[in-house]
Amino acid sequence: MEGTVVAVVLVAVLALLVLRSGMRVVNQVERGVVFRWGKALPSYRHPGITFLIPFADRMRKVNVQVVTMPVPTQEGITKDNVSVKVDAVVYFRVTDPLRAAIEVQDYVFAVGQVAQSSLRSIIGKSDLDDLLTDRERLHEGLALMIDSPAAEWGIHIDRVEIKDVQLPESLKRSMSRQAEAERERRARVITADGEFQAAQQLANASRIMSDTPEAMQLRLLQTVVEVAAEKNSTLVMPFPVELLRYFDRAAQKLDPGLNSPTVPARTPAPAPAPEPEATEQP
């Protein structure tokens, strides 16, 4: 009887050990691909506790989180023959754990190599202006080039971004001189346009003042007031003749019979009488 009890206990302990050896835990961010006698099962194990057949099953865990992988700096020559260095970053994730575990040996390394070759290809097909300004189109082209082989491995490329474009120092100096010249050109155009508009307004003002001399006098007095407001200089202003003419015309309007000039004309002096000639006496 005692031998039977001991045998039952030993069997129970062995069963627990076997169950314990076959028990696995799959995390929330992972999926388990089970190989039974070396052949992958058609369905993968979801997060939680799962049991494997001891000595027959082997499970490989595949992470399904988004992987952020920097692409090393790649040096290339653009379409317009400019040597540049470009680095990028790739965001991808596993969508089919079975294919990621079977079709490719190391999917992270494989995606990295495809990203490097695609980045060099994009550099050779693009102009320098596209690398500096049209980044969105290049991002889409890079994502499409990397996603084509990665889709066969059960991997989806979420996004590809170019981080930095390094230019030669000589090209940087040339671009800075070009930008400075462009800014100087715009400044000269703006100054010339302002002078042109000011000349037009001055010409219009001169035509108006020529029709109304009073406006010219008012403008002169306003200029005197503006200069005198500084109080740091002495202003010598001659009495304008136009102002005398203005008062003369105003007086003629008040007294129409007054036609004499403002300053009376000088009458010529009478000529001296000729002296009588002397006569000789015989």
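Every value quoted in this text rests on a predicted model; they were computed, and no experiment measured them.
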Would you say the side chain of R24 lies within less than 4.5 Å of the side chain of F51, judging by non-hydrogen atoms? no

Just by distance, do the side chain of D57 and the backbone of I53 share a donor-acceptor pair under 3.5 Å? yes

Do the side chains of V67 and L98 join up, straight or via other hydrophobic residues, at under 4.5 Å, putting them in one cluster? yes

How far apart are the C-alpha atoms of V111 and F109, what are their side-chain angles, what is the distance that settles it, and do they pass the side chain to side chain contact (heavy atoms under 4.5 Å, CB included) test? CA-CA 6 Å; V111 171; F109 178 76; over 6 Å; no

CD (E180) with more than 12 external heavy atoms under 6.0 Å: no

Take L131 and L138 through the test side chain to side chain contact (heavy atoms under 4.5 Å, CB included) and record every step on the way to the result. CA-CA 8 Å; L131 291 175; L138 297 181; 3.4 Å; yes

Do the side chains of V64 and I102 join up, straight or via other hydrophobic residues, at under 4.5 Å, putting them in one cluster? no

Flag if over 12 foreign heavy atoms under 6.0 Å of CZ, R135: yes

Measuring from atom CZ of R120 to atom CD of E75, what distance do you get when rounded to the nearest 0.5 angstrom? 11.0 Å

Please check: side-chain N/O of E161 versus main-chain N/O of R159, any donor-acceptor pairing under 3.5 Å? no

Pairing of K79 and D127 as salt bridge, 4.0 angstrom limit: no

Do the side chain of D193 and the main chain of V189 share a donor and acceptor less than 3.5 angstrom apart? no

Counting only N and O atoms by type, is there a donor-acceptor contact under 3.5 Å from the side chain of H139 to the main-chain atoms of I162? yes

Sub-4.5 Å side-chain heavy-atom contact between I157 and Y91: no

Tell me whether V108 is reachable from V71 by hopping between hydrophobic residues (I, L, V, M, F, W, Y) whose side-chain heavy atoms are closer than 4.5 Å. yes

Roughly how far apart are M145 CE and L142 CG, rounded to 0.5 Å? 7.0 Å

Heavy-atom pair with the smallest gap, counting every atom of A110 and V104: CB-CG2, 3.8 Å

For V25, is there any backbone N or O sitting under 3.5 Å from a side-chain donor or acceptor partner on K61? yes

Decide whether a cation-pi geometry holds between R31 and Y44; the criteria are a distance under 6.0 Å from NZ or CZ to the six-membered ring centre and an angle within 45° of the ring axis. no

Would you name the heavy atoms of V62 and A101 that are closest together and state the gap between them? CG2-CB, 4.2 Å

To the closest 0.5 Å, what do you measure between CG (L128) and CG (N81)? 11.5 Å

Are the side chains of V34 and R58 in contact, using a 4.5 Å heavy-atom criterion? no

Please report the interatomic distance CG(L202) to CZ(R207), rounded to the nearest 0.5 Å. 11.0 Å

Please confirm whether the backbone N or O of V114 pairs with a side-chain atom of S117, one donor and one acceptor, at under 3.5 Å? yes

What heavy-atom pair brings M69 and G112 nearest, and what distance separates the two atoms? CE-CA, 3.2 Å

Is P72 close to Q116 at the side-chain level, that is, under 4.5 Å between some pair of heavy atoms? yes

Working to the nearest 0.5 angstrom, can you tell me the gap between T191 OG1 and F196 CZ? 15.0 Å

Salt-bridged, R137 to E140, with N to O below 4.0 Å? no

Return yes when atom CG of L41 has more than 12 non-hydrogen atoms of other residues, nucleotides or ligands closer than 6.0 Å, and no otherwise. yes

Where the side chain of R99 meets the backbone of E152, is there a donor-acceptor pair that is under 3.5 Å apart? yes

Here the pair of heavy atoms bringing P97 nearest to V33 is O-CG2, 3.7 Å

Please check if atom CD in E182 has more than 12 non-hydrogen atoms from other residues, nucleotides or ligands closer than 6.0 Å. yes

Counting only N and O atoms by type, is there a donor-acceptor contact under 3.5 Å from the side chain of T95 to the main-chain atoms of G154? yes

Between I77 and I123, does the side chain to side chain contact (heavy atoms under 4.5 Å, CB included) criterion hold? Intermediate values first, please. CA-CA 7 Å; I77 300 177; I123 293 174; over 6 Å; no

Give, for atom CD1 of I155 and atom CG of D147, the distance between the pair rounded to the nearest 0.5 Å. 10.0 Å

Testing the basics here: between A143 and V160, what is the closest heavy-atom pair and its distance to 0.1 Å? CA-CG2, 3.8 Å

Closest approach of T133 to D129 (non-hydrogen atoms, all atoms of both residues): OG1-O, 2.5 Å

Atom NZ of K163 with >12 non-hydrogen neighbours under 6.0 angstrom: yes

Stepwise side chain to side chain contact (heavy atoms under 4.5 Å, CB included) check, T73 with V86: CA-CA 5 Å; T73 302; V86 182; over 6 Å; no

